[in-house]
Structure formats: C-alpha cells, structure tokens
Amino acid sequence: MGDLELATLDGGMSVISADRLDALQAGFRGRLLTAHDAGYDDARAIWNGMMDRRPGLIAQCRGTADVVAAVNFARDNGVLVAVRGGGHNVAGHASCDGGLVIDLSPMHAVLVDPERQLVRAQGGAQLGDLDTETQVYGLAVPAGVVSTTGVGGLTLGGGTGWQTRKRGLSIDNLRSVEIVTADGRVRVASEDEHPDLFWAVRGGGGNFGVVTTFEFQAYEVGPIVWVCAPFYPLADSPAVLRAFRDFMADAPPEFGAALLFWSVPALSPWYPQEHHGKACVIPFLVYNGDLGEGVRLTAPLRNLGTPYVDHSRGMPWTALQTMFDPYVPAGDQQYYWKNLFLTSAGDEVLDDLADIAATIPSTYTYLVMQPIGGALNKVAADATAWGNRDVNYMFEFDSMWRDPAEADTNIEWTRRQWEALQKHSTGGLYVNFPGFGEEGESLVRRAVGDKNYEQLAAVKAVYDPTNMFRLNQNIQPRA
Ligand SMILES: Cc1cc2nc3c(=O)[nH]c(=O)nc-3n(C[C@H](O)[C@H](O)[C@H](O)COP(=O)(O)OP(=O)(O)OC[C@H]3O[C@@H](n4cnc5c(N)ncnc54)[C@H](O)[C@@H]3O)c2cc1C
C-alpha cells in the first residue's frame, strides 16, 4: 500500500505514510480496502440508500486482534473512525467520508450454550445469525424484528422486539460484553467487572468502544408461534385501534404486538391485486405459547370488519423474523425513521394517529404503534443507561420511498407529523430511530434522561476522553 490521505478527528485531512499502513497490514487477518480495491463499493454500501459515503480505508476485521490493531491505528494517527455493525443505522453512522471504517461484518459467529441458555454473538452478527443459531436449541434472544439488523447497534441502543413485553429490552438480557476501548485495551464488562462501562453500554450506544462479543441470556421460543395479521381498510381505524388497545391492556406477556398503518404491498398473489396500494391498518400480534390458545385469544381481533387479506397463521419463529425483510431492503430504498414514546393510548391519541396515517405520502412507509411496557418497566431508570423505564407505547415513523426526488417530501412530512405528535409524547424517545440525529445532544438526553446523560458523559471521559468514537448518537466526554 502507498501513502494514503485520511480524514482526521479535527476535521482536516492527513497523509498517512506507507510505513504506517504496512505496520497495520502486518498481522491483520481481515482485509484492508481503499477506493482502488475490488470490492470497495460493496464494502462501503450501507443500508440507507440516502447515504453515499466514501471512507478512505475500510478495515474488515476477522477478530478481536484486528479490532485492536484498527483502534490503535486510528488513535495513533488521529484518524476519523466509524464502527460498522449491521450498517442499519438510519443516520448512516456506520460509515464516514474519508476516514476509517472498522467493519465488523466478517465477525458474525454465534455460539450457544444450551444448558445455561447463554449465547455469545460477535460484534458484527446480525439478528438472522442470532435467531438461526439459537433456534437449533429452541431458544431466542430478545431482540428486533428484521433479520438483517445488526446485533451491535440494536443492543447498544436498547433493543425492542416481539419478546419485549415478557423479557424486557435486549440490554436487560445482556450478561457481559468484550469491548476494545479507545486505548486499545480489551476489557470484559459485566455487573462484576467494569460495572460503570457495563452500565453505559446498555443504552449509551457505540460511544465507549468497539464491542467484539455480546453475551446474552436466551429463552425458549417457538419453534412455531401464532401470528395474527388481518389487513383492514384504513377507514376501520377507530374500531381496530380501540380493540387493539383494549386487547393489549391485559394481554398475557407472551404476546408481542404492533399496530401498523401501511399500504397493501404490491406483491401478488400474496396480496390480492385489487387491493394493492390501499391504505390499511393491521393489528399484528405474535403469541409465543400454545398455538390453539393464540388462535382462540386473537379471534376477536380478526372479526372487526372485512379485511383486505388476513395473513394470520402459525409460523416458525425464524420465518416471522424474516417476514419484514423484503420491505426494508438495503441500498436501493431511502429511509428516514423517527420515533417517540406516547403518554397513553387514549381515544384522542388514537384518533390523531389515524388522522396522520391518512396523510402518509409514500405507499412504502409504515407507522407503528408498539406496546412495549411490561418487563422493561420493572428495571429502575438508573439501573442501565436506558432511562425511559415508565413507557408503555412507542410510536415510530418508518418513512420509506424509492425515488430520490421524493426525499424532501417524505422527510418534511415525517418531521412535521413528529412535531405535531409531541403533544402526546412523554418527552422521551428511543435512540435507535433517530432520523439523522439532527437534534444532537437533546436527542440523546431525551433517550436516556438528564441524570443518566451526565453519568454517561463521565464514563465517556474515562474510556474515550478524546471522543474518538463520535460517529454515533454522540455523548461528549465530561469529567
Ligand atoms: C430495517 C430495520 C429494522 C429495525 N428493527 C428494529 C427493532 O425491531 N428493534 C430495535 O430495537 N431496533 C430496530 N431497528 C433500529 C436499529 O436498532 C438501529 O438502526 C441500529 O443502529 C442498528 O444497528 P446496526 O449494528 O445494524 O447498525 P450500524 O449502523 O452498523 O451501527 C449503529 C451504531 O452502533 C454502532 N455499533 C454497531 N455495532 C457496534 C459494535 N459492535 N461496537 C460498537 N459500536 C457499534 C455504530 O458505530 C453506529 O454508531 C431497526 C432498524 C432497521 C433499519
């Protein structure tokens, strides 16, 4: 490798000599890619098609030793660094222009200890890796709902999904992490070792280092779960929303659920052609228990009117976990996702949500009201960095479109509706659906709470005093 110009932490550019690059290359087991290498364009692509970043160097790591080498290289040369897990962050934090990307995607192994129901996942694993390996033993880790999402970013921000009501967030089931901090040291953080660091990585995002291994508690799930999914016309919203809310108010915790506002996808024969593109509302429930019981309990929600189509059925957990994948492809679709926590699911709130749904500008977009209260409410607000422990309903704007010319319309619509909904917001939000993170520090404060924010800033000062890990929902170090 010859000399290479790389972006630096102070916003400039610096020429890194061939000697220094050769020193990094020596002993590096993964691949180092620059713009001149075959595979560079594939390696730099991230999920959100809006993001077209061109890193100066991509370090595709094969193990913890590679991560240590890459972190030391970045620190010693003052290079701007991005860390890539699954590459799903809507704001595109997995990449950068001109700097170094520490790409963990080759590190996606998952090892299961079925006796203790403990699971170790490498830092670049995706949810599909996690589900596939754990289901061999009839287990699953509480995590998200799309198989290509990275375990890394999802967990460091919290982690919600179909098991949240029963098991809490992914971080509530995290037992330890192996992490490479800015000084290049490899640390294990858990309740017993570096508890300050362990507290911070549970909700504080990628601010504290590169997590090379996550260790989780897993639980028996499936292998077949009951899924209730009738697609009703949007005009049925008043009755559907109220029935969903009333059902969830005392539904057993074995139910995971989401109320979706969507448009019937143009996918024949799965969706009847005459309904393609029609606005719809879907009470989507997942029951991890006896199949017959799931059918019986959800029957009322399937008889609220005449659905366009009813996709309710029993299905393997792994099929459920890939069910939404086709609607959120990487690369050729554009995304702007934001969220907030709702004060309640009262009638006025529900009616306002339905009114918003009637104005969605893109048939790709879905809005999601997710009941997440339950196990997560039993954890104290200061027990982990994830501060919003009193919430019950999360509301997401998952705005998506294909034509780049439609970006402004969709982003403006999302921001306007998100602002309008603030009157029904607890003031809190979930950091993993940040839009482009435009609100900066206030966004992170709303996600973790002011008290936790101060604590996070103090932990950051210990483990990353120069803010090397800054391409994230950033927390400035403050002693
Ligand atoms: C299609 C889709 C579905 C989603 N579904 C859910 C869901 O069901 N539940 C939910 O909670 N969230 C969900 N999310 C949000 C998701 O949690 C965030 O987008 C998250 O940032 C994705 O993590 P990632 O590793 O894929 O992303 P990346 O863009 O790779 O990383 C996100 C951030 O985390 C940092 N990071 C990633 N891995 C590591 C690591 N190992 N060590 C240190 N830092 C790291 C990155 O530097 C970056 O700042 C979804 C997102 C998408 C796009």
Side-chain angles (χ1 to χ4, degrees), residues 45-49 51 53 61 64 67 71 81-96 101-105 107-108 121-129 142-164 169-171 177-182 200-201 203-214 256 258 286 320-330 333-339 366 368 370 372 376 386 394 396 398-400 430-435 437 444 447 463-464 468-475:
I46 52 177
W47 170 76
N48 189 348
M51 306 296 164
R53 305 212 159 117
C61 300
T64 301
V67 174
V71 166
V81 59
V83 178
R84 179 193 180 121
H88 259 208
N89 183 267
V90 179
H93 289 312
S95 191
C96 60
V101 171
I102 298 181
D103 179 0
L104 304 175
S105 53
M107 294 171 56
H108 57 92
Q122 280 187 303
Q126 298 183 354
L127 300 191
D129 299 311
V145 305
V146 169
S147 78
T148 49
T149 306
V151 172
L154 177 132
T155 303
L156 295 167
T160 62
W162 304 126
Q163 295 189 66
T164 307
L169 302 164
S170 302
I171 50 170
V177 292
E178 179 190 84
I179 182 168
V180 180
T181 43
V201 297
N207 277 283
F208 306 95
V210 184
V211 176
T212 43
T213 308
F214 295 88
V286 176
L320 167 70
Q321 290 290 83
T322 53
M323 193 177 179
F324 288 95
D325 290 10
Y327 308 110
V328 286
Q333 195 155 290
Q334 305 207 327
Y335 301 91
Y336 183 77
W337 290 11
K338 282 198 90 63
N339 90 319
Y366 44 72
V368 188
Q370 208 180 341
I372 57 172
L376 77 78
W386 209 90
M394 175 158 85
E396 282 167 47
D398 294 347
S399 289
M400 330 190 214
Y430 178 35
V431 78
N432 274 355
F433 300 104
V444 186
Y463 294 99
D464 185 17
M468 183 163 104
F469 299 107
R470 64 180 63 181
L471 295 179
N472 42 44
Q473 307 313 328
N474 196 231
I475 295 158

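In each ligand, atom 1 is the first atom listed, and ligand 1 is the first ligand listed. Please read these numbers as outputs of a predicted model, since none were measured by experiment.
- Listed by chain and number, the residues in a salt bridge (charged side-chain N to carboxylate O under 4.0 Å, His left out) with D129 amount to none (sequence neighbours excluded).
- For ligand 1, the 4.0 Å heavy-atom shell contains residues W47, V83, R84, G85, G86, G87, H88, N89, H93, A94, L104, G123, G144, V145, V146, T149, G150, G152, G153, L154, L156, G159, T160, G206, G209, V210, V211, V328, W337, Y430, N432, F433, L471, N472.
- Residues satisfying the side chain to side chain contact (heavy atoms under 4.5 Å, CB included) criterion with T64, sequence neighbours excluded, are V68, E178, V180, V186, T212.
- Atom CZ in F324 sits 10.0 Å away from atom CG in D398 (nearest 0.5 Å).
- Note that the CZ atom of F469 and the CG atom of N474 stand 11.5 Å from one another [nearest 0.5 Å].
- Evaluation of the side chain to side chain contact (heavy atoms under 4.5 Å, CB included) rule for V431 yields L443, A447, Q473 as partners, not counting sequence neighbours.
- In this structure, V444 and I475 have side chains that are in contact, with non-hydrogen atoms separated by less than 4.5 Å.
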